[in-house]
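Written out below as structure tokens is the structure these notes cover.
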Amino acid sequence: MLPKAYDPQGTEDRIYKMWEESGAFKADASSDKESFTVSMPPPNATGQLHLGHAVMLALEDIFIRFARAQGKEALWLPGTDHAAIATESVVIKKIQEEEKIPDPRASLGREELIKRIAHFVSESQDTIRSQVRKMGSSCDWSRERYTMDKSLNRCVNEVFTKMYKDGLIYRGHRIVNWDPKMQTTVSDDEIEYREEKAPFYTFQYGPFQIGTSRPETKFGDKYVVMHPDDPRYEKYENGDQFECEWINGKIKANIIKDKVIDMEFGTGCMTITPWHDHVDFDLAERHELDKEQIIDFEGKLLPIADEFAGMPIEEARTKIVEKLDKKGLLVSTDEDYVHRVAVSYRGKGKVEPQIKEQWFIDVNKPVIEWPSSAKATGGKKKKNMSLKEVMQDVVRSGDIKIIPDRFGKVYFHWIDNLRDWCISRQIWWGHRIPVWHKEDKDSKKMHVGVQEPEGDGWKQDPDTLDTWFSSGLWTWSTLIDPDLADDHSLSLQDLLDKSPDFQKFHPTSVMETGYDILFFWVARMILMTTYATGQIPFETVYLHGLIRTRDGAKMSKSDPSSCIDPLEIIPKYGADALRLSMIVGQSPGNDSRLFEEKIAGYRNFVNKLWNASRFVLMTCENEGVDPHEVESLKVEKSKSLSLADRALLSALQDVIEDVTKGLEEYRLSEVGERLYSFIWDYFCDWYLELSKGQANCDVLVHVLRTIVKLLHPYCPFVTEELWAQISSDDSGILMKQLWPEVDKKLKDQKSQDELQIVIDVITAIRSIRADNGLDQGAKLEVIIHTKDHVDLLESQRDHIMRMGRLSDLKIDAVSVQHENAASMFLKGIEVHVPLEGAIDVDKEKAKLAKEKESLEKFLKGINSKLGNERFISSAPEDVVKLERDKLKSVKEKLEKVDERLKVLG
RNA sequence: GGGUGGUUAGCUCAGUUGGUCUAGAGCGUCUGGUUUACACCCAGAAGGUCACUGGUUCGACUCCAGUACCACCCACCA
């Protein structure tokens with residue numbers, strides 16, 4: 001016999017091991033079945049899984065288990081990401097703290113540091129693997145990938161080379177975000193802003209007053225810019241020159257007029273520093289101005305600063321202000337000025353714009369033919385598209401569907417503002433740029449290719465690639481056969497053609513991830529994959545929201561008290577309960593809040609199902625039935641089923657229908673609720689209670705088996721554990737079972753309606769008892785007066801008596817005031833109990849009259865709609881059909897109302 | 001400055017193209033309960049003018065416009 005409460009801790013690991021050993025996670029590329037693929041967003045190999053990962057795993061596991069049960073060849077490919085900057089900075093910090101080495105890069109050197117990082121990564125991969133298992137994820141471990149795998153590196157190099165040859169990758173001097181702490185560039189999307197209070201100074205600059213919070217960048221300033229329409233500076237012309245006293249003596253300055261200046265801000269004019277500011281850089285490009293570097297890559301001032309050369313920014317700032325003040329050039333200081341400082345998203349260091357030679361991807365160059373392969377789902381072939389245009393095209397055409405669709409807008413807006421993507425990083429951890437340089441006495445040579453070129457003296461470019469470059473290839477580079485990675489006679493196209501997994505499983509079906517990395521990752525996958533493979537990376541993008549605390553705050557690692565750690569929750573409540581608590585009540589794209597009571601609630605539900613199953617097993621035992629020997633067929637043919645049985649089987653068909661449709665449409669929250677309430681409110685609270693009178697083990701077992709199948713994607717562990725108790729002998733494990741199909745023969749709306757009447761009667765008796773302060777123990781005698789339901793209620797006499805706790809029950813076939821109502825007499829008190837509708841004749845009449853009126857109006861509305869030719873011709877067929885159905889049902893209702901009004905006189 | 005989402009019971013949230021919603025659930029609260037599984041339970045109850053103002057409609061929580069507040073995203077801040 002099963003224990004009284006479900007024990008997740010004693011169950012889950014055992015079940016997971018059983019699944020894994022059964023081979024049920026493995027997908028077969030040679031199968032004829034329709035494929036369904038999910039690429040797991042690879043967690044960063046830097047540490048622990050958090051709730052964000054848990055949501056992702058739960059959602060994807062539901063998709064994949066459902067697809068598998070539907071008979072599809074389902075592949076869920078797991079993996080981890082090397083997370084370039086994030087990982088390198090974590091390890092460097094660790095070494096600094098643990099080994100007291102202030103500058104690990106300099107002390108250890110490239111090779112040793114990479115070795116250390118690789119060691120760290122492999123440890124953290126082990127933790128991640130075990131954590132992913134804890135969630136019950138049914139992913140194919142035999143295909144696990146890592147973004148730094150050899151075969152993935154091959155793909156990276158192939159794509160880089162291809163892009164370079166197509167002129168989509170170029171090298172150039174451009175302003176980039178420089179992180180002096182990590183000594184690397186950072187992409188625009190990896191920057192966040194922090195508010196900071198810093199003094200804002202106004203200086204006298206010749207005849208002008210200029211404002212700045214960064215005096216240390218002002219050495220090279222020889223341009224002063226103002227708006228062309230600013231009346232205050234009317235007398236100055238673009239290009240005018242003047243001489244003025246500045247930090248280190250007299251300088252020659254030029255006047256520039258440009259519309260980017262905000263006349264309202266400060267004095268309406270400013271000096272510019274093109275080397276260290278994005279806007280200034282653009283402005284300088286437009287007006288062809290000189291650019292000069294003031295701050296070096298360590299964050300110290302250069303010789304241009306004279307006496308300040310070599311000073312770090314912060315120190316120099318105050319000293320420069322002092323000097324200008326002495327010179328009488330400081331006009332005012334605003335100590336309370338708040339401005340936003342750019343900070344690296346990964347390394348958390350302040351970002352300093354710098355001009356540097358970097359590698360870029362040109363997103364506007366029109367050289368792409370799309371779709372490039374016959375397998376792609378796109379429309380007609382178009383030529384000369386840019387990367388940007390392809391990215392827009394695949395979403396606009398509907399080839400890629402984004403859920404929720406409003407994120408499509410966000411996506412387009414982002415693409416509109418997209419600038420060339422800087423892909424080189426000056427860190428060591430990552431895919432090294434496949435470029436080799438050779439310097440002779442009089443010539444510089446460069447080789448771009450998949451492999452190191454022949455001959456001596458070639459040195460590989462020291463830079464690595466942005467981590468999103470390789471993750472952009474994730475959906476397909478993971479499907480390339482690793483055995484082909486070393487065969488350099490193969491082209492990129494050959495690699496794709498010769499990899500069975502790619503042929504079978506790409507494009508993938510769903511990309512499920514948080515909306516916060518729509519730009520970082522989803523957009524980049526679309527860009528890289530369409531270009532490299534000619535296929536879209538995925539058909540559907542499902543974006544989940546963030547999980548927040550009860551108060552709506554973000555769960556942050558820095559504040560552990562605010563965090564719910566999946567690893568603490570799982571042993572306490574079980575992975576199934578955690579999964580439910582994150583899925584139900586969560587709609588895609590919207591944040592949701594999670595707290596322990598909510599998880600406890602779903603733990604209770606899991607336990608409820610557990611006990612319902614125990615009850616079924618006990619009942620079977622009492623009846624001498626072995627649940628393993630129950631055949632589903634018996635249920636279908638049996639005509640001697642009780643009303644409750646017929647109603648339940650019919651309701652079950654509705655559930656199968658709703659759940660299947662809901663899952664196909666990715667409405668996971670609704671489906672979860674539907675199952676929850678069916679199991680608890682209907683199956684347990686009514687059916688099991690009714691069955692205590694007359695149990696039909698065939699039906700009990702059949703229904704429980706179906707329930708367990710339907711719930712399995714949400715709660716894989718309990719359901720599998722229960723399945724072992726109730727499955728027929730030869731059927732095998734639950735996760736390999738096929739999805740239940742609706743059996744139309746079992747649909748029986750009449751039984752459902754009739755059972756509802758019985759339920760209403762029982763409920764009425766219960767509420768009368770409560771209303772009259774009669775406790776549960778008191779035995780009651782009840783007389784039901786009814787006109788139409790005598791036979792029905794008579795047949796359910798036992799149930800009504802038992803569940804209403806009655807000592808006696810009389811059912812009288814008398815004509816009551818009007819149909820569909822019954823009255824009851826309790827202990828001499830007459831109590832009217834509606835079965836449906838009210839009993840007070842006047843009230844009833846008034847209500848019916850009102851209903852009639854509104855129905856007539858409704859009818860008029862629909863008639864006018866259907867009579868409108870424009871509506872008929874323009875509306876889709878199903879909409880018109882819907883209206884016609886409405887018309888029909890309204891007419892029927894109206895007839896019923898009329899009939900009842902007649903009865904009432 | 002541009003954009004997106006939210007505002008429904010004390011709390012957390014559902015509500016599928018406007019019409020069985022006379023607005024639901026879970027938690028919490030209150031009352032009662034040793035019922036052939038389950039106190040991680042059972043039976044009941046209280047609690048909402050669906051943020052506000054207009055509009056469209058025979059009919060609006062649902063569609064449109066505007067207002068207020070909250071949250072987030074993008075851009076800019078010399």
Side-chain angles (χ1 to χ4, degrees), chain A residues 2 4-6 193 200 210-214 217-218 224-225 260-262 265-273 277-280 337-340 404 406-407 409-410 413-414 416-417 515-516 518-519 545-546 548 550 552 573 577 584-587 589-595 597-598 600-619 622 661-662 665 667 669-670 673 676-677 681 684-685 688-689 692-693 695 763 766-767 769-771 773-777 802-803 805 847 853-862 864 876 878-879 882 886 889-890 893:
Chain A
L2 296 175
K4 257 180 125 172
Y6 170 59
Y193 293 91
F200 184 80
I210 54 145
T212 185
S213 57
R214 305 210 48 196
T217 64
K218 296 288 154 198
V224 60
V225 194
V260 295
I261 300 299
D262 177 4
F265 188 89
T267 56
C269 67
M270 67 172 186
T271 59
I272 59 163
T273 316
D277 187 285
H278 286 93
V279 177
D280 295 0
Y337 184 70
V338 176
H339 69 149
R340 284 164 58 191
R406 69 185 139 89
F407 278 96
K409 274 187 214 165
V410 182
H413 184 251
W414 179 79
D416 288 342
N417 296 321
Y515 67 76
D516 52 330
L518 176 64
F519 306 141
L546 266 49
R548 294 170 174 276
R550 179 179 209 121
Y573 298 101
V584 181
Q586 153 99 300
S587 52
N590 290 331
D591 295 352
S592 64
R593 304 176 186 199
L594 189 66
F595 34 92
E597 296 97 299
K598 199 165 165 183
Y602 289 104
R603 185 266 322 266
N604 295 354
F605 168 69
V606 166
N607 194 51
K608 185 76 183 174
L609 175 69
W610 178 262
N611 274 292
S613 310
R614 269 183 81 213
F615 176 74
V616 170
L617 293 172
M618 282 170 69
T619 309
N622 292 342
K661 199 164 168 244
E665 291 167 5
R667 296 197 317 266
S669 174
E670 263 175 77
E673 271 182 78
Y676 183 104
S677 79
D681 303 338
C684 292
D685 288 350
L688 290 186
E689 291 304 325
K692 284 175 183 171
T763 308
R766 282 173 177 170
S767 71
R769 190 195 291 278
D771 289 348
L774 307 165
D775 71 56
Q776 291 278 317
R802 189 169 43 79
M803 295 188 62
R805 316 222 71 210
K847 202 185 158 187
E853 196 189 339
S854 80
L855 282 171
E856 276 167 349
K857 279 182 184 170
F858 187 7
L859 200 67
K860 204 177 122 196
I862 295 181
S864 73
D878 48 327
V879 173
L882 206 83
K886 273 186 195 170
S889 78
V890 172
K893 270 189 206 167

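A note on names: the letters A, B, ... follow the listed sequences, proteins ahead of strands, and every chain is numbered from 1. The basis for the numbers below is simple: all heavy atoms, side chains too, and nothing from hydrogens, waters or symmetry mates.
As judged by a 4.0 angstrom heavy-atom cut-off over every strand, A:R550 is placed among residues touching the sugar-phosphate backbone only. Within 4.0 Å (heavy atoms only), A:V279 reaches sugar-phosphate atoms of the nucleic acid but no base atom. Contact annotation for A:S587: backbone-only contact, meaning every heavy-atom pair under 4.0 Å involves sugar-phosphate atoms and none involves a base. Among the heavy atoms of the strands, none lies under 4.0 Å from A:T217. Contacts of A:N590 with the nucleic acid, taken as non-hydrogen atoms under 4.0 Å apart, involve only primed sugar atoms and P, OP1 or OP2. Within the nucleic acid shown, A:R406 comes within 4.0 Å of sugar-phosphate atoms alone, with no base atom in reach, counting heavy atoms only. Using a 4.0 Å heavy-atom distance criterion, A:G601 is classed as making no nucleic acid contact. Using a 4.0 Å heavy-atom cutoff across all strands shown, A:I261 reaches at least one base atom of the nucleic acid. Counting any heavy atom pair closer than 4.0 Å across all strands shown, A:N622 reaches no nucleic acid atom. Within the nucleic acid shown, A:S213 comes within 4.0 Å of sugar-phosphate atoms alone, with no base atom in reach, counting heavy atoms only. Counting non-hydrogen atoms under 4.0 angstrom, A:F595 reaches the backbone sugars and phosphates but no base.
Each of A:K409 and A:C684 was assigned the nucleotide of RNA chain B with the nearest heavy atom; the assignment lying further toward the 5' end belongs to A:K409. Mapping A:D280 and A:G585 onto RNA chain B by nearest heavy atom places A:G585 at the nucleotide closer to the 5' end.
Dashed line: the shortest gap from a side-chain N or O of A:K598 to OP1 or OP2 of B:rC27 is not under 4.0 Å. One finds a side-chain N or O of A:K608 lying less than 4.0 angstrom from the OP1 or OP2 phosphate oxygen of B:rC42. Within the structure, every side-chain polar atom (N or O) of A:R214 is placed at least 4.0 Å from both OP1 and OP2 of B:rA78. Here A:N604 reaches the OP1 or OP2 of B:rC41: one of its side-chain N or O atoms lies under 4.0 Å away.
Residues A:N590 and A:Y515 bring no donor and acceptor atom of their side chains to less than 3.5 Å of each other. Side chain to side chain, A:N622 and A:T619 fail the donor-acceptor criterion of an N or O pair below 3.5 Å.
Rounded to the nearest Å, the gap between the P atom of B:rG47 and that of B:rA68 is 34 Å. Here, B:rU12 and B:rU57 have their P atoms 38 Å apart, quoted to the whole Å. Across B:rA71 and B:rG32, the matching C1' atoms stand 43 Å from one another, rounded to whole Å. Separating the P atom of B:rG55 from that of B:rC30 is a span of 45 Å, rounded to the nearest Å.
What separates CG of A:L518 from P of B:rG3 is a distance of 19 Å, to the nearest Å. For the pair A:F519 CZ and B:rC72 C1', the computed distance is 11 Å after rounding to whole Å. Per the geometry, CG belonging to A:L2 stands 19 Å off P belonging to B:rC40, to the nearest Å. For the pair A:Q586 CD and B:rG15 P, the computed distance is 12 Å after rounding to whole Å. Separating the CZ atom of A:R614 from the P atom of B:rA39 is a distance of 9 Å, rounded to the nearest angstrom. One atom, CH2 of A:W610, and another, C1' of B:rC41, lie 17 Å apart when rounded to the nearest Å. Distance A:N417 CG to B:rG1 C1': 13 Å, rounded to the nearest Å. Taking atom OH of residue A:Y602 and atom P of nucleotide B:rC13, one finds them 12 Å apart after rounding to whole Å.
The listed nucleotides are B:rC74, B:rA43, B:rC27; the one nearest the side chain of A:E597 is B:rC27. For A:A5, taking side-chain heavy atoms from C-beta onward, the closest of the listed nucleotides B:rA37, B:rC40, B:rA78 is B:rC40. With B:rA78, B:rG44, B:rC72 as the candidates, the nucleotide lying closest to the side chain of A:M270 is B:rA78. If you check B:rG26, B:rA14, B:rU12 against the side chain of A:E673, the one that comes closest is B:rA14.
Classification of the A:Y6-A:W610 ring pair by plane angle, with boundaries at 30° and 60°, yields tilted.
The nucleotide B:rC41 finds its pairing partner in B:rG33, both defining distances of the Watson-Crick or G-U wobble pair being shorter than 3.5 Å. Pair check for B:rG26 finds B:rC11; Watson-Crick or G-U wobble, both atom distances under 3.5 Å. Searching all strands for a Watson-Crick or G-U wobble partner of B:rG47 with both distances below 3.5 Å returns nothing. With a 3.5 Å ceiling on both atom-pair distances, B:rC61 lacks any Watson-Crick or G-U wobble partner. Summarising the base pairing, B:rG66 is matched to B:rC52 through a Watson-Crick or G-U wobble pair whose two defining distances lie under 3.5 Å. Pairing for B:rA71 goes to B:rU4, judged as Watson-Crick or G-U wobble with the two contacts each under 3.5 Å.
Residue A:E689 places a side-chain atom within donor-acceptor reach of the base of B:rA37, judged by atom type and a 3.5 Å distance cut-off alone.
Within the 3.5 Å criterion, the main-chain N or O of A:E689 finds a donor-acceptor partner in the side chain of A:R802. With hydrogens and angles disregarded, a donor-acceptor distance shorter than 3.5 Å links the side chain of A:N611 to the backbone of A:K4.
A cation-pi geometry, defined here as NZ or CZ lying under 6.0 Å from the six-membered ring centre and within 45° of its normal, holds between A:R550 and A:F595. For the pair A:K692 and A:F615, the cation sits on the ring face: its NZ or CZ lies under 6.0 Å from the ring centre, inside 45° of the axis.
Interatomic distance, A:T273 OG1 to A:D280 CG, rounded to the nearest 0.5 Å: 5.5 Å.
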